[in-house]
Amino acid sequence: MNCPGFTGERFVQRSGCDIKSALICMEGAFGFGGGPVADWCQQASIIIPVHPSMFVAASINVTTDVKTITAKTLFERLMHLVPRFDKTLQKFCQDIAERRNAELHSADLPFRAMRLDAWEARYWHAGDTILHQMGSSLEQWLGAADAKAPRQLLDEAANALVAAVKLRVEAARVQFDGLKKAERERLTAEAELREPQHQAGVFKNRYDEIWMKSCPACKCRAFMAGEQIGEDISEERDEHAIWEIVDREFVGEEFRCPTCDLTLMGNDEIDASGIGYIHEDRQEREMEYEPDYGND
């Protein structure tokens with residue numbers, strides 16, 4: 001049975017169900033990163049590395065030798081398919097998958113040394129995020145009764161996150177407001193000179209785009225970085241045009257304020273701060289033409 005190395009009894013204490021139900025619940029929970037999600041991910045993806053699997057993903061049975069994608073590939077694709085599945089969730093899911101594989105294929109017990117409250121809430125959050133994109137939910141996946149405890153835990157974790165982020169923002173605001181007026185004015189003026197294209201070094205990870213935001217703490221110019229999740233090419237152009245208008249959409253994953261050092265990581269922290277994390281812009285770029293086939 002695919003279940004983590006924390007005991008049925010400990011899960012029972014959290015969920016209020018019997019051991020058998022808990023084990024079933026845990027086995028179903030691991031389906032988040034298993035067959036159903038991988039199957040949905042492959043069907044939603046256009047490019048499949050293994051050639052026969054491309055036909056299978058399109059519901060064309062040409063072979064029984066079908067190669068499934070790895071967990072690492074699955075989580076990478078989910079970042080593009082699920083807007084709220086950010087780098088923070090990707091790393092967490094990859095770590096959990098590696099621990100689970102170590103337990104299944106070796107004598108290691110990697111979960112034993114982990115406190116349940118150190119990872120359980122984020123585990124259910126990852127599952128809830130993926131299931132929501134699939135048009136499902138924890139209640140549908142686990143059954144309403146078994147999902148009650150995880151849902152309550154998610155609500156508690158979400159409330160705790162909001163409270164923690166608000167305290168972080170307030171602390172940064174108090175620290176900035178505590179500076180002398182002349183110092184605040186100098187820092188504000190310096191912030192106005194900063195441009196997004198020069199801020200890559202302040203971010204922990206590399207992203208597709210960086211854009212300006214107002215800091216919720218000090219109100220100075222700050223920056224958000226994130227990944228592109230879509231684009232729309234304008235059809236209103238002359239047939240002889242060499243340039244095209246592209247509307248792009250990004251989702252923010254990391255916020256940094258160089259002035260007061262406020263940092264927010266991931267969609268959830270950014271959302272809890274009240275900052276909008278969806279960014280849209282319009283870009284003019286040279287059109288790409290496919291070469292003629294030479295069969296006319």
Side-chain angles (χ1 to χ4, degrees), residues 2 4 29-49 57 67-104 110-111 114 117-138 141 150 153-154 157-158 161 164-165 200 202-211 223-231 248-256 263-273 275 277-279:
N2 294 341
F30 263 107
F32 294 149
V37 177
D39 180 59
W40 171 79
C41 187
Q42 285 207 6
Q43 291 189 43
S45 300
I46 296 176
I47 298 176
I48 308 297
K67 301 296 190 300
T68 59
I69 59 178
T70 65
K72 182 176 183 295
T73 302
L74 171 66
F75 300 138
E76 289 173 349
R77 291 186 181 177
L78 285 174
M79 286 188 61
H80 298 284
L81 297 171
V82 183
R84 293 188 68 89
F85 196 88
D86 54 19
K87 289 183 184 293
T88 303
L89 274 184
Q90 180 202 19
K91 184 179 185 303
F92 169 78
C93 289
Q94 185 64 37
D95 290 344
I96 288 293
E98 290 174 357
R99 287 176 180 271
R100 173 177 174 266
N101 288 340
E103 176 159 319
L104 289 175
F111 286 97
M114 295 181 68
D117 57 4
W119 64 275
E120 187 185 11
R122 183 165 289 179
Y123 176 83
W124 290 121
H125 174 55
D128 189 51
T129 301
I130 297 169
L131 289 168
H132 178 76
Q133 187 70 17
M134 295 172 64
S136 185
S137 65
L138 286 174
W141 191 253
L153 182 63
L154 279 177
L161 177 66
V165 169
V202 306
F203 291 96
K204 182 178 180 181
N205 300 308
R206 295 180 62 87
Y207 298 97
D208 292 336
E209 188 74 5
I210 301 173
W211 58 95
F223 301 93
M224 184 97 69
E227 303 290 348
Q228 183 172 345
I229 59 173
E231 66 176 36
R248 304 185 300 170
E249 185 175 12
F250 302 86
V251 58
E253 296 195 14
E254 189 174 343
F255 172 88
R256 298 274 179 170
T263 299
L264 300 168
M265 298 293 297
N267 300 154
D268 297 318
E269 286 195 359
I270 295 171
D271 191 35
S273 72
I275 306 174
Y277 58 86
I278 299 297
H279 174 68

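Keep in mind the model is a prediction, meaning the values are calculated, not measured. Just so you know, these numbers use all the heavy atoms, side chains as well, and skip hydrogens, waters and symmetry mates.
- Rounding to the nearest 0.5 Å gives a distance of 10.5 Å between CD of Glu253 and CZ of Phe85.
- The side-chain heavy atoms of Ile210 and Met224, taken from C-beta on, include no pair separated by under 4.5 Å.
- Smallest separation of non-hydrogen atoms from Asn267 and Gly252: ND2-O, 2.7 Å.
- Side chain to side chain, Gln94 and Gln90 fail the donor-acceptor criterion of an N or O pair below 3.5 Å.
- Between Tyr207 and Glu254, the side chains place a donor N or O and an acceptor N or O closer than 3.5 Å (distance only, hydrogens not considered).
- Taking the ring axis of Phe75 as reference, the NZ or CZ atom of Lys87 does not stay both within 45° of it and closer than 6.0 Å to the ring centre.
- We find the CD-CZ distance between Glu227 and Arg206 to be 10.5 Å, quoted to the nearest 0.5 Å.
- Glu231 meets the side-chain contact (heavy atoms from CB on, under 4.5 Å) test with Gln228, Ile233, Val246, Arg248, Arg285; sequence neighbours excluded.
- For the pair Arg256 and Met265, the minimum side-chain heavy-atom distance is below 4.5 Å.
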Residues Phe255, Thr263; criterion side-chain contact (heavy atoms from CB on, under 4.5 Å); working and verdict: CA-CA 6 Å; Phe255 172 88; Thr263 299; over 6 Å; no

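- Between Phe250 and Trp211, the ring-plane angle classifies as tilted under the 30° and 60° cut-offs.
- Note that CG of Asn205 is 8.0 Å distant from OG1 of Thr88, once rounded to the nearest 0.5 Å.
- With rounding to the nearest 0.5 Å, the separation of CG in Asp268 from OG in Ser273 is 11.0 Å.
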Working for side-chain contact (heavy atoms from CB on, under 4.5 Å), residues Val251 and Tyr277: CA-CA 6 Å; Val251 58; Tyr277 58 86; 3.5 Å; yes

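- With contacts defined as side-chain heavy-atom distances shorter than 4.5 Å, the pair Glu76/Leu78 does not qualify.
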